[in-house]
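Residue numbers count from 1 along this sequence.
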Amino acid sequence: MSRQRRNIVCQLRAKERENKWNIRRNLNIVKTIVCQEHSSFKKVWEKVSRSPIAYEGNRIYFDNYRSVYIGHGRQGQPELLYRLPQCPSKHKIEDALVCQFPLDHLPMKHKGFKGHLLALTRDNWLVRYDLNTGAVLQELFLSQRYKFRHLGWQGEGGTIVIRSIHAKLSAMARMAGIIQPLLMVLAVFSVLPLQLVAVMEVQKEIFGKDICDSGISQGALIIMHQGGTVRLYSFDRIVKENTIVHAKLGDMCSVVNGIVGSHPSGIPCTVKLKETPPVLFEVRCHEHNLQMGGFPWHYIFTPHRNNGVFHVHKVENKKQAHNGVIDMDLLSLEPDKAVFHADESGRILHISGNNIRILKLHSGDNATSELKECFTITPASPDGENTASLLARGEDTGWALSSSGRIIKKRIFDSSILPTIECIKDVDYENEMDLLVVTSVTDTRDDATHVASIGLHDNTTGKLIKQIPLEEEWDETMEHTICFDLDTFAHIYKSGTSKFHCVLYRLDRTINDEPTRVTRQRRHEKPVTQGRRTSRRLLQDAEDDR
């Protein structure tokens, strides 16, 4: 029996027989249960808030991360885990990240490796809160000079980047013709435990007066220029060759005249550039839209002033891949997206308004590569129909299909025969179950309502495994977020009253058919008879009839 066809019982028995802990096998069991035909998702909880809501790691964060609910509480309902004390507005949390270390990689000396919520406050404090109790584990003051507002991951390896706001001069200084030499400040920390890596000022004198933004990702310093030019530099090399101060949290430092990370000293600027570092990569693209990935390395970009087309080139020689031009779907009102797949397979997702194309890069001779289509995902309406199937049958839908497969809208048509149109709103990858989660919205024929549904697709073939309808109506003018987490998913959206809603759906395996009840006979009772036949004889007769 192959592993793919094993049922849950066989998987559990194999797990006990091998006597070893395998998280991938456990997740496969959960995936089998979720993908069963009679399994469904049921709306179990809803809460409204005046502030934005976040969901991550089976926890729901309200009131700017100050009220935390655990997803699986009593009777399967979310319940309050902890609530942080009230604080003045200057101590409001601006951004936060959930930091958890995998249990199978937790070192023996795990001080500082405890799961925590890393929060950045408005008054430049970086605070670590315990994930389960909300207790303050560590507080770090950043700076009195710079205003840090953005917190994000630098990449794999447990490194975060804190970005300040853009430095601006006063109105009087700008009228006097004074130029601000500083663009922004980047601070890099390693977490688990929290340690300072580098603090760097992005100066216009070094990178050019036309720079407009910067960031750090996957070990590369990204500098964006006006006009669409993007340049990449080695951040590790910059830190190694231009570090002027070696500072450690909690130690005395003469630069800040105090303890590093304490108030009012803060953290010093540890890296200072005297000249422009060597450029690793440079490209000019539309709105700095650049993606990197694949095996070997490729990049996706939209040429400058050519919005609507994506080009795929090789990083090594900047040669365009064969069939490496991805056209935009003209039917969609929203712009298409072309991104590398989050499963690190090197595939490319071309997401348009009504379908998803999965493309794969193939290496050829003479350092060339070719882009080939693997499969296409077209969302279906709740009744199983979609625009493509209606067009294939030749129905008069008000839309036409060109020879190349493009959907073209007719100039004049009767609105009463407008078809059911499915529009893709979000595509996410559920890495634990290896599923593509596609959120689509259907405009029904009868009225102007928008019905949303979530499709679970096989990541390898694109086959639709399960379609989950949402009970609440989808307002296309508002923000929506779908967070899928094994047997639970949250629909977070903003309503017309400027309130935020969190609707929680949970896996439900209730079978409508009533189970046959078998009553056990007591020892002193006689067997139930019907005529001269006992219950055992009735069962035997039933077996004979089969």
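- Taking CZ of Arg163 as the start and CE of Met184 as the end, the distance is 3.5 Å to the nearest 0.5 Å.
- Taking the side chain as every heavy atom from C-beta outward, Leu456 and Cys35 never approach each other to under 4.5 Å.
- For the pair Ser262 (side chain) and Ser265 (backbone), a donor-acceptor distance under 3.5 Å is absent.
- Considering all non-hydrogen atoms of both residues, Leu81 and Ile70 come closest at CB-N, 4.1 Å.
- For Trp474 and Tyr493, the distance between ring centers is not under 6.0 angstrom.
- Applying the salt bridge (charged side-chain N to carboxylate O under 4.0 Å, His left out) criterion to Asp426, with sequence neighbours excluded, gives no partner residue.
- The one candidate from Val427, Ile358, Leu464, Val437 that meets the side chain to side chain contact (heavy atoms under 4.5 Å, CB included) condition with His457 is Leu464.
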*Apply the test salt bridge (Lys or Arg N to Asp or Glu O under 4.0 Å) to residues Arg128 and Glu139: give CA-CA distance (whole Å), side-chain angles for both, the deciding distance (0.1 Å), then the verdict.*
CA-CA 6 Å; Arg128 291 175 56 229; Glu139 289 182 302; over 6 Å; no
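- Aromatic ring centroids of Tyr69 and Phe62 lie under 6.0 Å apart.
- Checked against a 6.0 Å centroid threshold, the rings of Tyr233 and Phe235 do not count as neighbours.
- The heavy-atom pair separating Val188 from Leu196 by the smallest distance is O-CD1, 3.8 Å.
- In this structure, Arg237 places its CZ atom where only 12 or fewer heavy-atom neighbours from other residues, nucleotides or ligands lie under 6.0 Å away.
- Residues Thr461 and Asp458 bring a donor and an acceptor atom of their side chains to less than 3.5 Å of each other.
- Here CG of Asn354 is found 8.0 Å from SG of Cys423. Values are rounded to the nearest 0.5 Å.
- Of the options Tyr146, Trp125, Phe148, a ring pair (Phe, Tyr, Trp, His ring centres under 6.0 Å) to Phe141 is made by Trp125 and by none of the others.
- Counting heavy atoms from C-beta outward, Leu507 and Ser39 have side chains that approach closer than 4.5 Å.
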*So His288 and Asp213, side-chain contact (heavy atoms from CB on, under 4.5 Å) or not? Walk me through it.*
CA-CA 10 Å; His288 308 107; Asp213 202 358; over 6 Å; no
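- For the atom pair CD1 of Ile162 and CG of Asp95, the computed distance is 9.5 Å after rounding to the nearest 0.5 Å.
- Although no hydrogens or angles enter the test, the distance criterion places a donor-acceptor pair under 3.5 Å between the side chain of Gln154 and the main chain of Gln218.
- The CG atom of Asn459 sits 15.0 Å away from atom NZ of Lys463, with the distance rounded to the nearest 0.5 Å.
- Side-chain contact, His350 with Asp336: a donor N or O sits under 3.5 Å from an acceptor N or O.
- Between Asp485 and Asn58 there is a side-chain heavy-atom pair separated by less than 4.5 Å.
- Within the 3.5 Å criterion, the main-chain N or O of Ser51 finds a donor-acceptor partner in the side chain of Ser49.
- Taking a cutoff of 4.0 Å between a charged side-chain nitrogen and a carboxylate oxygen, Lys494 and Glu479 do not qualify as a salt bridge.
- In terms of heavy atoms, Val202 sits closest to Ser214 at CG2-OG, 3.6 Å.
- At most 12 non-hydrogen atoms from other residues, nucleotides or ligands lie less than 6.0 angstrom from CD of Glu344.
- Pro181 and Gln203 make their closest contact through O-OE1, 3.0 Å (heavy atoms, listed as atom of the first residue, atom of the second, distance).
- The six-membered or imidazole ring of His491 lies away from that of Tyr505, with a centre-to-centre distance of 6.0 Å or more.
- Using a 4.0 Å cut-off between charged nitrogen and carboxylate oxygen, Glu46 and Lys43 count as a salt-bridge pair.
- Using a 4.5 Å heavy-atom threshold, the side chains of Val191 and Thr159 count as separate.
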*For Leu290 and Ile300, what are the C-alpha separation, side-chain angles and deciding distance, and is it a side-chain contact (heavy atoms from CB on, under 4.5 Å)?*
CA-CA 6 Å; Leu290 176 65; Ile300 307 171; over 6 Å; no
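- The side-chain heavy atoms of Leu186 and Leu221, taken from C-beta on, include a pair separated by under 4.5 Å.
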_Does Leu120 form a side-chain contact (heavy atoms from CB on, under 4.5 Å) with Ile93? I'd like the steps, not just the answer._
CA-CA 6 Å; Leu120 177 64; Ile93 296 177; over 6 Å; no
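- Heavy-atom minimum distance, Gln180 versus Ala167: CG-O, 3.8 Å.
- Residues Asn132 and Arg59 bring a donor and an acceptor atom of their side chains to less than 3.5 Å of each other.
- By the 4.5 Å heavy-atom criterion applied to side chains, Val199 and Val185 are counted as neighbours.
- A donor and an acceptor atom, one from each side chain of Arg231 and His225, are located under 3.5 Å apart.
- A donor and an acceptor atom, one from each side chain of Asp475 and His480, are nowhere located under 3.5 Å apart.
- Atom CG of residue Leu84 and atom OG of residue Ser67 lie 7.5 Å apart, to the nearest 0.5 angstrom.
- Looking at Ile424 and Ile351, their side chains come closer than 4.5 Å, going by heavy atoms from C-beta outward.
- Counting all heavy atoms, side chain and backbone alike, Leu80 lies closest to Val68 at CD1-O, 3.4 Å.
- In this structure, the side chain of Glu287 does not engage the main chain of Asn289 through any donor-acceptor pair within 3.5 Å.
- Checked for salt-bridge contact, Glu37 and Lys466 miss the test: no charged N lies under 4.0 Å from a carboxylate O.
- Proximity of the aromatic rings of Phe41 and Phe484 is defined here by a centroid distance below 6.0 angstrom, and this criterion is met.
- One N or O on the side chain of Gln77 and one on the backbone of Val44 form a donor-acceptor pair closer than 3.5 Å.
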*Run the numbers on Asp130 and Tyr82 for side-chain contact (heavy atoms from CB on, under 4.5 Å), then give the verdict.*
CA-CA 10 Å; Asp130 188 280; Tyr82 64 85; over 6 Å; no
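- The main-chain N or O of Met433 is found under 3.5 Å from a side-chain atom of Lys31 such that the two form a donor-acceptor pair.
- Annotation: Asp251, atom CG; neighbour count of heavy atoms from other residues, nucleotides and ligands within 6.0 Å is above 12.
- Using a cut-off of 4.0 Å between Lys/Arg side-chain N and Asp/Glu carboxylate O, Arg145 and Glu201 are scored as salt-bridged.
- Atom CD in Gln195 sits 11.0 Å away from atom CZ in Phe189 (nearest 0.5 Å).
- Taking the ring centroids of Tyr129 and His116, they lie at or beyond the 6.0 Å cut-off.
- Gln138 is listed as a side-chain neighbour of Leu194, based on a closest heavy-atom distance under 4.5 Å.
- Counting only N and O atoms by type, the side chains of Asn431 and Asp343 include no donor and acceptor under 3.5 Å apart.
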